[in-house]
Every structure is written in C-alpha cells, then in structure tokens.
Asks: 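This is the structure I want to talk about, given as structure tokens.
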Amino acid sequence: MDYKLSEFTRMHDEFINDWNEAMISGDTSSLERMTNDYYVAFFKGTNEQPIIFNRKDAVTGMRQSVKQMLGANKRFENRIIRLKNNNHTVVFYEQLIYKGAELLSRLFTIEDWQFLDGKWMIVREIEEPID
C-alpha cells in the first residue's frame, strides 16, 4: 500500500502542476482525466440541492472558467490522501483561487479516483464553498 500511496501522490502532484499550467495557458487537456460516467456535485448552501454536472458539461465548464481566469493561481491546501484499497483513492483539500492578491474562490473539495486501464481517473467530485 505504501508504494501505491507514493505512486498516487506523485500523480496527484502532477495533476496540481497541470492545473497551474492550465491557468496560464488555457489548455485543460491534461486535466481531463475523468471516467465516462464521471460527475461533479456543487453544493451552494446548507438547504439547497446540489447542482450536478456530467463529464461533458463539467469539461465544458472547466474550459470556460479556465479561459475566464487566465493568469489566476489555483492552490490545493490541507490535502489529505486516503487509499481505500490499491485501486481506489479519495483526496480531500481546500481549493483556493487567487488572481494577484485577491481571493476569488475558496472551496472544500473531495475527489474520488480509481485506477482503471493502467491510469488514475477521477470518478466523481464534490465541491462546496467555504465562507
């Protein structure tokens, strides 16, 4: 398990670097590591139902938001990685987006990853704003 954790952590570090590259270049192709049945749920408030996007809509939204935020910096803080088994990992972190000194977004994020066909893929994500 230690080897798998180390292997996954290296891959996730690269994923974080890919995010920062995308925020400079606008190219999100290296971030599109989602399974075909991937979905993301965005929670807005305690009493509101989440907004759920499928893979196609999530990729389209990601491409648009990266282009709108070119030059911003995305930070992944307080990251915790937990292997459920050799082929299933969950990552928890605080996602911060800065443009210059201005904090644009602060989200609590949970990513669910699976090792499929020789590579790590995101199966689902949960996003919730932090006040």
Side-chain angles (χ1 to χ4, degrees):
M1 287 286 263
D2 288 341
Y3 173 75
K4 271 293 192 183
L5 177 59
S6 181
E7 176 186 283
F8 179 86
T9 302
R10 274 192 305 277
M11 182 283 306
H12 202 263
D13 289 345
E14 290 171 14
F15 183 68
I16 290 170
N17 289 334
D18 289 347
W19 260 110
N20 287 317
E21 288 296 320
M23 298 299 278
I24 295 167
S25 71
D27 179 10
T28 63
S29 58
S30 63
L31 302 171
E32 297 169 18
R33 304 175 187 195
M34 301 95 149
T35 59
N36 288 333
D37 59 349
Y38 163 90
Y39 66 92
V40 58
F42 285 92
F43 288 84
K44 286 192 170 193
T46 308
N47 297 323
E48 294 180 45
Q49 293 292 318
I51 300 168
I52 299 175
F53 297 97
N54 63 24
R55 184 187 196 285
K56 181 182 174 211
D57 293 337
V59 169
T60 299
M62 176 177 60
R63 288 175 182 164
Q64 290 172 348
S65 64
V66 164
K67 286 184 180 173
Q68 290 172 353
M69 292 192 197
L70 281 178
N73 178 278
K74 193 171 209 179
R75 299 183 194 166
F76 299 76
E77 297 189 356
N78 304 310
R79 180 177 66 167
I80 298 171
I81 298 172
R82 292 293 181 260
L83 265 64
K84 293 175 95 175
N85 58 47
N86 280 339
N87 297 314
H88 190 185
T89 303
V90 178
V91 183
F92 307 85
Y93 56 85
E94 183 178 345
Q95 182 183 144
L96 303 152
I97 301 175
Y98 283 91
K99 189 132 189 186
E102 183 184 0
L103 178 63
L104 302 177
S105 177
R106 187 173 174 217
L107 300 167
F108 179 67
T109 302
I110 302 171
E111 298 171 343
D112 191 329
W113 292 77
Q114 287 188 348
F115 193 71
L116 302 165
D117 298 325
K119 58 187 171 187
W120 286 101
M121 303 289 289
I122 304 174
V123 178
R124 67 176 174 244
E125 288 183 73
I126 298 172
E127 306 275 352
E128 185 171 340
I130 302 171
D131 297 330

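What's counted below: heavy atoms across the whole structure, side chains too, no hydrogens, waters or symmetry copies.
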Asks: Do Arg10 and Phe15 have side-chain heavy atoms sitting under 4.5 Å apart?
Replies: no
Asks: Show, in sequence, the C-alpha distance, side-chain angles and deciding distance for Lys84 and Val90, and conclude whether the side-chain contact (heavy atoms from CB on, under 4.5 Å) test is met.
Replies: CA-CA 7 Å; Lys84 293 175 95 175; Val90 178; 3.7 Å; yes
Asks: With hydrophobic residues grouped by side-chain heavy-atom distances under 4.5 Å, do Val91 and Tyr39 end up in a single group?
Replies: no
Asks: Anything under 3.5 Å between a donor and an acceptor, one on a side chain of residues 96-108, the other on a protein residue two or more places apart or in another chain? List them.
Replies:
unit_1	atom_1	unit_2	atom_2	d
Lys99	NZ	Leu70	O	2.8
Arg106	NE	Glu94	OE2	2.6
Arg106	NH1	Asp131	O	3.4
Arg106	NH2	Glu94	OE2	3.1

Asks: Sequence neighbours left out, cut at 3.5 Å: what donor-acceptor pairs do the side chains of residues 18-26 make with other protein atoms?
Replies:
unit_1	atom_1	unit_2	atom_2	d
Asp18	OD2	Arg33	NH2	2.4
Asn20	OD1	Lys74	N	3.4
Ser25	OG	Glu21	O	3.1
Ser25	OG	Asp27	N	3.1

Asks: Could you grab the distance from atom OG1 of Thr9 to atom NZ of Lys4, nearest 0.5 Å is fine?
Replies: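 The NZ atom of Lys4 is 12.0 Å from OG1 of Thr9, to the nearest 0.5 Å.
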Asks: With clusters defined by side-chain heavy atoms of hydrophobic residues (ILVMFWY) lying less than 4.5 Å apart, directly or transitively, does Phe92 cluster with Ile16?
Replies: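 No, Ile16 and Phe92 fall in different hydrophobic clusters.
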Asks: Within a 6.0 Å radius of atom CG on Asn36, are there more than 12 heavy atoms belonging to other residues, nucleotides or ligands?
Replies: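 No, the 6.0 Å shell around CG holds no more than 12 heavy atoms from other groups.
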Asks: Could you go through Leu116 and Thr35, starting from their C-alpha distance and side-chain angles, then the distance that decides it, and tell me whether this counts as side-chain contact (heavy atoms from CB on, under 4.5 Å)?
Replies: CA-CA 9 Å; Leu116 302 165; Thr35 59; 3.5 Å; yes
Asks: Indicate yes or no: at least one non-hydrogen side-chain atom of Leu5 is less than 4.5 angstrom from one of Ile81.
Replies: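 Heavy-atom side-chain distance check passes, below 4.5 Å.
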Asks: Please tell me if the side chains of Met34 and Met62 come closer than 4.5 Å, counting only heavy atoms from C-beta onward.
Replies: yes
Asks: I'd like to know whether the aromatic ring centres of Phe115 and Phe8 sit less than 6.0 Å apart in this structure.
Replies: no
Asks: Under 4.5 Å between side-chain heavy atoms, hopping through other hydrophobics if needed: is there a path connecting Ile80 to Leu83?
Replies: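 Result: no, two separate clusters.
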Asks: How far does OG1 of Thr60 sit from CZ of Arg55, to the nearest 0.5 angstrom?
Replies: 10.0 Å
Asks: I'd like to know whether Val40 forms a side-chain contact (heavy atoms from CB on, under 4.5 Å) with Ile126, so could you lay out the CA-CA distance, the side-chain angles of the two residues, the decisive distance to 0.1 Å, and finally the verdict.
Replies: CA-CA 6 Å; Val40 58; Ile126 298 172; over 6 Å; no
Asks: Report the residues that fulfil side chain to side chain donor-acceptor pair (under 3.5 Å) with Thr28, sequence neighbours left out, ordered by chain and then residue number.
Replies: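 For Thr28 the side chain to side chain donor-acceptor pair (under 3.5 Å) partners, ignoring immediate neighbours, are Glu32.
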Asks: Might you work through the side-chain contact (heavy atoms from CB on, under 4.5 Å) test for Lys44 and Gln49, ending with a clear yes or no?
Replies: CA-CA 8 Å; Lys44 286 192 170 193; Gln49 293 292 318; over 6 Å; no
Asks: Report the distance from atom CD1 of Ile52 to atom CG of Asp57, rounding to the nearest 0.5 Å.
Replies: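 Those atoms lie 12.0 Å apart.
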Asks: Report the residues that fulfil side chain to side chain donor-acceptor pair (under 3.5 Å) with Asn73, sequence neighbours left out, ordered by chain and then residue number.
Replies: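 With sequence neighbours excluded, Asn73 shows a side chain to side chain donor-acceptor pair (under 3.5 Å) to Arg75, given in chain and number order.
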Asks: Out of curiosity, Leu31 CG to Arg63 CZ, how far, rounded to the nearest 0.5 Å?
Replies: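 Leu31 atom CG to Arg63 atom CZ measures 10.5 Å (nearest 0.5 Å).
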Asks: Should Phe42 and Pro50 count as side-chain neighbours, where that means a heavy-atom distance under 4.5 Å?
Replies: no
Asks: If I take atom OG1 from residue Thr109 and atom CD from residue Glu77, how far apart are they, to the nearest 0.5 angstrom?
Replies: 12.0 Å
Asks: Which residues satisfy the side chain to side chain donor-acceptor pair (under 3.5 Å) test with Ser65, sequence neighbours excluded?
Replies: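 Expected list: none.
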Asks: Tell me, which pairs form a side chain to side chain donor-acceptor pair (under 3.5 Å) where one or both residues lie in residues 113-125, sequence neighbours left out?
Replies: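 Sorted pair list: Tyr38-Glu125, Glu111-Trp113, Asp112-Arg124.
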